[in-house]
Amino acid sequence: MSQHASGAGGVAGPEAEQPSLLLGFPEPARASAKPEPARERPVARVCVESPLPQLDRLFDYLVPEELSAAAQPGVRVRVRLSGQELSGFLLERVDASDSGVALQPLLKVVSPAVVLTPTIARLAAAVAERWAGALGDVLRFAVPPRAARVESEYLGELASGAAPEPEAPGPAATTGAATDDGGGPAGASAWAELQRGPAFLRHLGAGGSPRASLRAVEGYGPRGWPALVAEAVRAVRLTGRGALVVVPDGRDLERAFAALEEALPGDPIVRLAAEDGPSQRYRGFLDLLAGRARVAVGTRGAALAPVRDLGLVVCWDDGDDLHAEPRAPYFHTREVCLLRSELEGCALLLAGHAVSTEAQRLVESGWLQSVSAARSVLRRRLPRVVSTADSFETARDPYARMARLPHAAWQLAREALVEGPVLVQVARAGYAPSLACERCREPARCAECSGPLAENAGPGSARRIACRWCGTPANAWTCPHCGGKELRRSSIGALRTAEELGRAFPGAVVVTSSGENVKAEVPGSPALVVATVGAEPVAPKGYAAALLLDGDSLLGRESLRAGEEALRRWLNAAALVCPAGKGGRVVITAGDHEAVSALVRWDPEGFAARELGLRRTLSLPPAVRVAAVTGSRSAVDGFASAAAGVLGKPGVRTAGPVALPAPSGTAAADASWRLLIFFPVAEGPEATRALRAARIAHATRRGSEPVQLRLDGADVL
DNA sequence: AGCACGCCGACT
DNA sequence: GTCGGCGTGCTC
């Protein structure tokens, strides 16, 4: 170890590997580089931020005495590793190192703020393990980038003792209306109408930690899901515990935030979203850390927020793919919430209008209780849903399909437009590119109903050109304007659809919500509201009707989850429509499909159960787990040979590697290849450990190119 | 990734 | 006999 004689005369170093240049000198450079070690626990265990998988472990550093006070577990530090200066997190102070090498000194404590709590450090480690990723990558998400100014203000306030702890809302509800059943902010609690709903709330309110899969009924108004979620949060707050709500996007964030503020007057709510900018984000993070705020709502990064004494974690619409983090280690917030509820022993709500197959699996295994409305409640609260496919079946007339569908949809819209806003859900431009005449650029229209023509992936590799509204094939098309016969793709989306609808409903107000211009809300006055999938605005009193167009293009996506995803999108849109008793109706224009009948029956659980059964039969996720290994051909092969041990185990199945469709402009030579590895859920921990080890072994090999290792990516199949 | 150490060719 | 090639391996 370092001789205490260091100080200025640290000459006594073990026969130095010093360049001869310095031999005459008392090693001035070293004198400062070899400071006196801390008297207490002189060794710091540090997780460095490095993209290299082989550096994903803790390294020991010597804590200089002058840094000892600041070098607390959970602070950011700078260290030297293999010559380069890196930043990292100090996770532990210990008495001695067992590394067997001479320790480098800690270079710097970036700030004395302890930004990583033991709870979050433990969660981050669990997340890294679950996704076979690097701890440093997870910590980047758990601790937002430092904003020095915000931090110094905060430290100053803490020092001056101006850090009030929020009071839990008083048990006597402040918002007067909480009289009838159970104290929702708007009086009538939507929880009361759910089977096992009151029991869940009671359990929360008694300090318990129940776990549920929650089927929200309405998507708007005082019984909408935001109020439902806020009421659960309020119940845990009354026990003094904190709560965390994770939502897929900014609009859901706004809505959840507003509902929480209403349900918890005086209780500060932290919003966590990347769009809010670094300083606001860091401020919210510090408020949670200090316990000044005990409730957080945010998009996926928020799943790792340091809410103190967490009592409840909520994941809204857990089937939304925005819950999957697109950067390494590619965690999914649903699963992070699950891990958290286990590690922190807190309550868990996976909530949505739809049920993901993952949530269904947890319900069937008994891990989650299902909380959902009885049929009678659904009938009272929901619009009537009809599928236009039904009528073709009964009509048995192929021409009925062409003529009647748009007519039925138009008629519904026309009638509903007297009452209020009508939602028109259309596919995103990229989903179903519309077609136009190659010669005159006029949009190509259906000869039968004047709907837009689109190119869909037909069965096999066949492409079929058909009307997006009525499905009539248009394989021999001639432009009525110029006589041209060639079609070109024109990626028009909601805007053009809106124009077309505007012409079909002269005099109607047409509003669009898509892409850059997403609207959160529309007024209750009559209007056609054309929105792309997932961008549907909320009408405060519910839409009078909804037309779910482009159903077939949602269903036709080549993905294992196309049906599940389509149903989820439809339910989310249909939940924005007022009840049938008030005239609310939904029409879906899609062919015969299990997802369509599940929508008509409003049976998300039944659909999820059936879908999960299918996946079990086929041994596909989420019945099994999957790892996707992506990279150049040689990299994937190299990884596979490093992972030969796991790949050969019974129960482990591989598919590929196959070449992925190259992004346009890329040479075929440097195409990506992908190997899929399926393994049983029960062997998850062992398999992920082995995959992580294989990646390290592969990365350490000379000349190896990196691979991307992605576990349980929902989009890979 | 850097940056070390380490064992074989053309120069002082 | 030394300077230096970059092949292999580690990084507290």
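Quick note on labels: first sequence line is chain A, next is B, and so on, each numbered from 1. Both backbone and side-chain heavy atoms feed into the values below; hydrogens, waters and symmetry mates do not.
Atom CZ of Arg80(A) and atom C1' of dA4(B) are 15 Å apart (whole Å). The CZ atom of Arg701(A) sits 18 Å away from the C1' atom of dA1(B) (whole-angstrom rounding). Asp56(A) places its CG atom 15 Å from the C1' atom of dA1(B), with the value rounded to the nearest Å. Rounded to whole Å, the distance from CD on Gln54(A) to P on dC3(B) is 15 Å. One atom, CG of Leu81(A), and another, P of dC3(B), lie 11 Å apart when rounded to the nearest Å.
For the residue pair Thr333(A) / Arg340(A), no side-chain donor-acceptor distance below 3.5 Å is found, with atom types taken as modelled. Checking Ser111(A) against Glu151(A) by side-chain atom types alone, a donor-acceptor pair falls below 3.5 Å. Remark: the Ser634(A) side chain and the Glu705(A) side chain contain an N/O donor-acceptor pair separated by less than 3.5 Å.
If you check every strand for non-hydrogen atoms under 4.0 Å, Ser97(A) touches nothing. Using a 4.0 Å heavy-atom cutoff across all strands shown, Arg57(A) reaches at least one base atom of the nucleic acid. Using a 4.0 Å heavy-atom cutoff across all strands shown, Leu55(A) reaches at least one base atom of the nucleic acid.
Both the sub-6.0 Å distance and the 45° axial angle are satisfied by Arg271(A) relative to the ring of Phe257(A).
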Only pairs under 3.5 Å count here: list side-chain donor-acceptor contacts from residues 66-77 of chain A, not counting sequence neighbours, and write none if there are none.
residue	atom	partner	partner atom	Å
Ser68(A)	OG	Arg93(A)	NH2	2.9
Gln72(A)	NE2	Ala69(A)	O	2.9
Arg76(A)	NH2	Pro144(A)	O	2.8

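Nucleotides of DNA chain C with any atom under 4.0 Å from a heavy atom of chain A span, from 5' to 3', dT8(C) to dC12(C).
Under the salt bridge (Lys or Arg N to Asp or Glu O under 4.0 Å) criterion, Arg695(A) pairs with no residue at all, not counting sequence neighbours.
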